[in-house]
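See structure below.
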Amino acid sequence: MSIEAISLVKTRGSDAKFTNPDLTASGEPRAQVALTQLQTLWINTGTLCNITCRNCYIESSPKNDRLAYITTDEAVPFFDEAQQMSVREIGFTGGEPFLNPGFLDMVSAALQRGFEVLILTNAMVPMQRRSIKDALLKLNEKFPDQLKLRVSLDHYSKALHEEERGAGTFEPAIVGLNWLAENGFSISIAGRTCWGETEDQARSGYSALVAKNNWPVDAEDPARVILFPEMDEAVDVPEITTACWHILNKSPQDMMCATSRMVVKRKGAEHPVVLPCTLLPYDEAFEMGTTLKRASAANGGMFDAGAVKLCHPHCAKFCVLGGGSCTARD
């Protein structure tokens, strides 16, 4: 059945979509996703970034500090709580994580507790500072099987990558990837699917770039070259009802919020808070509490005993219909 067949009754108009946490605009029960097992805990290091991308879902830029730099002292209690919940992976995202002055202390704290660590980075100047490189080399030498870096390379061509990220952003990313590869880091690449290409065409292009630079990346592996669906809140998307799981032949257990949570520190806030995933950094309606334990029991509004109600366009377009997930799936 086509996507158009999924709950597209617009009796109340598109303005009523994604407003009622329990019902869609057509009055059908809204789909929700229960936490099956917390596997990945994301830490947003802050929204400041060295570049401004055209369509950054979190609106990171050199001026956006809506999410403040989280500190090691603030992050460590979540690591300790995550250990008690058998979490296997700590993911760090931003903004650009390497701008956070305490970032590598956080990485070290996570690695020392035995977590796998995944760092999302643009691999540009912030990562390429000598002090950062030296610290990364030491961490990778000490924890070679735990540390992974995923580099944002929106397209394998300079022209389309810079169409998204701005002039002069392609070559520095290549330099960063080359350094990581030459020094034995476990790396992957994050691209986008907004260029009108088939997946085969995109992977073929990345394969050629990988071969040219001799990177240890299999571009045919979806866990090593991750192609993310585009997110645009201005685009009309269908709401996801409980019936959609059967219609789409998908399972709520396959959604990112079934296995992930994210911690953010809002500018001016006293404490960090837990959110369902990496896609909803600013919507306070999705705040689940100040600890992982409280998040697992969150009730009312967007949550039902910790289960996330899919009441946001990103839930529909990126996760359910797009099949996207920020979590590494090796």
- Item | Distance-only donor-acceptor check, side chains N183 and N140, under 3.5 Å | no
- Message: Is it the case that the side chain of N64 and the backbone of T47 share a donor-acceptor pair, with hydrogens and angles ignored and the cut-off at 3.5 Å?
- Response: no
- Ignoring hydrogens and angles, tell me if any N or O in the side chain of T45 forms a donor-acceptor pair with the backbone of N100 under 3.5 Å. no
- Query: Is it the case that one hydrophobic cluster holds both I174 and I51, taking links as side-chain heavy atoms less than 4.5 Å apart, direct or via other members?
  - Reply: no
- Query: For the side chain of Q146 and the backbone of V117, is there at least one donor-acceptor N/O pair under 3.5 Å apart?
  - Reply: no
- Group every Ile, Leu, Val, Met, Phe, Trp and Tyr by side-chain heavy-atom contacts under 4.5 Å, then state whether F185 and F103 land in the same group. yes
- Message: Can you confirm whether S260 sits close enough to Q39 that some side-chain heavy atom of one is under 4.5 Å from a side-chain heavy atom of the other?
- Response: no
- Has the side chain of W215 got a donor or acceptor atom that lies under 3.5 Å from a matching backbone atom of L180? no
- Query: Can you check side-chain hydrogen bond (donor to acceptor under 3.5 Å, both in side chains) on E197 and Y156, steps first, answer last?
  - Reply: CA-CA 12 Å; E197 299 177 312; Y156 51 84; 2.4 Å; yes
- Note on the structure: On a heavy-atom basis, the closest approach of A258 and L35 is O-CD1, 3.3 Å
- Steps toward side-chain hydrogen bond (donor to acceptor under 3.5 Å, both in side chains) verdict (S204, Q201): CA-CA 5 Å; S204 176; Q201 288 172 327; over 6 Å; no
- Message: Using the rule given for side chain to side chain contact (heavy atoms under 4.5 Å, CB included), can you reason through F170 versus R165, listing the C-alpha separation, both sets of side-chain angles and the distance that settles it, and then say yes or no?
- Response: CA-CA 8 Å; F170 187 74; R165 297 196 164 238; over 6 Å; no
- Would you find a donor on one side and an acceptor on the other, under 3.5 Å apart, between the side chain of E164 and the backbone of R192? no
- Query: Is there a donor-acceptor contact under 3.5 Å from the side chain of E171 to the main chain of K158?
  - Reply: no
- Task: State whether D304 and K309 are salt-bridged, where the test is any N-O pair (Lys NZ or Arg NE/NH1/NH2 against Asp/Glu carboxylate O) under 4.0 Å.
- Result: no
- Ion pair E239/K17, N-O distance below 4.0 Å: no
- Message: Would you say M106 ends up clustered with L137 if hydrophobic residues are merged whenever their side chains have heavy atoms under 4.5 Å apart, either directly or through other cluster members?
- Response: yes
- Query: Is there side-chain contact between H314 and L280, with heavy atoms separated by less than 4.5 Å?
  - Reply: yes
- Hey, does the side chain of E287 reach the backbone of V274 with a donor-acceptor pair shorter than 3.5 angstrom? no
- Common cluster, F98/V125, ILVMFWY with side-chain heavy-atom separation under 4.5 Å: no
- Query: Do the ring planes of H155 and W195 sit parallel (below 30°), tilted (30 to 60°) or perpendicular (above 60°)?
  - Reply: perpendicular
- Query: Going from CG on D154 to OG1 on T193, what distance comes out if it is rounded to the nearest 0.5 angstrom?
  - Reply: 10.5 Å
- Query: Should I90 and R113 count as side-chain neighbours, where that means a heavy-atom distance under 4.5 Å?
  - Reply: no
- Item | Contact summary for A190 and F228, nearest pair of heavy atoms | CB-CE1, 3.8 Å
- Query: Can the ring centres of H312 and F18 be said to be less than 6.0 Å apart?
  - Reply: no
- Query: Do W245 and V33 pass the side chain to side chain contact (heavy atoms under 4.5 Å, CB included) test, and can you show the C-alpha distance, the side-chain angles, and the key distance before you say yes or no?
  - Reply: CA-CA 11 Å; W245 301 123; V33 175; 4.0 Å; yes
- Out of curiosity, L67 CG to E59 CD, how far, rounded to the nearest 0.5 Å? 10.0 Å
- Can you name the closest pair of heavy atoms from T52 and P62 and give their distance? OG1-CD, 3.2 Å
- Task: I would like to know whether T40 and E89 meet side-chain hydrogen bond (donor to acceptor under 3.5 Å, both in side chains); could you show each step before the answer?
- Result: CA-CA 5 Å; T40 301; E89 178 183 55; 2.6 Å; yes
- Task: Side-chain contact test, heavy atoms from C-beta onward, threshold under 4.5 Å: evaluate it for I189 versus R150 and give yes or no.
- Result: no
- Heavy-atom side-chain proximity of L139 to V107 below 4.5 angstrom: yes
- Query: Do the side chains of F115 and F143 join up, straight or via other hydrophobic residues, at under 4.5 Å, putting them in one cluster?
  - Reply: yes
- Task: Evaluate the side-chain proximity of T71 to K265: yes if any heavy-atom separation is below 4.5 Å, no if none is.
- Result: no
- Note on the structure: Heavy-atom nearest pair, L248 first then L321, reads CD1-CD2, 3.7 Å
- Hey, which of P281, C53, C49 is the one that makes side-chain contact (heavy atoms from CB on, under 4.5 Å) with I58? P281
- Is the backbone of N20 close enough, under 3.5 Å, to the side chain of R30 for a donor and an acceptor to pair up by distance? yes
- From NZ (K212) to OG (S207), nearest 0.5 Å: 14.5 Å
- Does R66 make a cation-pi contact with Y282, if we ask for NZ or CZ under 6.0 Å from the ring centre and within 45° of the axis? yes
- Message: Whether the side chain of Y57 engages the backbone of T278 through a donor-acceptor N/O pair (distance < 3.5 Å, no angle test) should be reported.
- Response: yes
- Task: Step by step, work out the side chain to side chain contact (heavy atoms under 4.5 Å, CB included) result for M262 and V264.
- Result: CA-CA 7 Å; M262 181 169 77; V264 305; 3.5 Å; yes
- Query: Does the pair L177 and L153 meet the rule for a side chain to side chain contact (heavy atoms under 4.5 Å, CB included), with working shown?
  - Reply: CA-CA 10 Å; L177 273 161; L153 200 66; 4.2 Å; yes
- What's the shortest heavy-atom distance between R261 and G306, and which atoms? NH2-O, 3.2 Å
- Flag the pair I187 / K148 as yes when at least one side-chain heavy-atom distance between them is below 4.5 Å, and no otherwise. no
- Stepwise salt bridge (charged side-chain N to carboxylate O under 4.0 Å, His left out) test for K293 and E81: CA-CA 8 Å; K293 182 178 180 180; E81 198 176 6; over 6 Å; no
- Message: Can you give me the closest heavy-atom contact between Q128 and K133, atom names plus distance?
- Response: O-CE, 3.6 Å
- Side-chain heavy atoms of L279 within contact of M256, under 4.5 Å: yes
- Considering only NZ, NE, NH1 and NH2 on the basic side and carboxylate oxygens on the acidic side, decide whether D254 and K250 come within less than 4.0 Å. no
- Task: Check the surroundings of atom CD in E141: do more than 12 heavy atoms from other residues, nucleotides or ligands lie under 6.0 Å from it?
- Result: no
- Task: Starting at CE of M255, measure out to SG of C319 and round the result to the nearest 0.5 Å.
- Result: 7.0 Å
- Item | F92 ring center within less than 6.0 Å of W42 ring center | no
- Task: Please test T121 against E96 for side-chain hydrogen bond (donor to acceptor under 3.5 Å, both in side chains), starting from the C-alpha separation and ending with a verdict.
- Result: CA-CA 6 Å; T121 177; E96 172 50 50; 2.9 Å; yes
- Query: Is there a donor-acceptor pair closer than 3.5 Å between any side-chain N or O of R224 and the backbone N or O of E220?
  - Reply: no
- Message: With a 6.0 Å cut-off (strictly less than), is the heavy-atom count around CG of N249, excluding the residue itself, greater than 12?
- Response: no
- Query: CE of M302 to CG of L275: how many Å apart, nearest 0.5 Å?
  - Reply: 12.5 Å
- To the nearest 0.5 Å, how far apart are NE2 in H161 and CG in L209? 10.5 Å
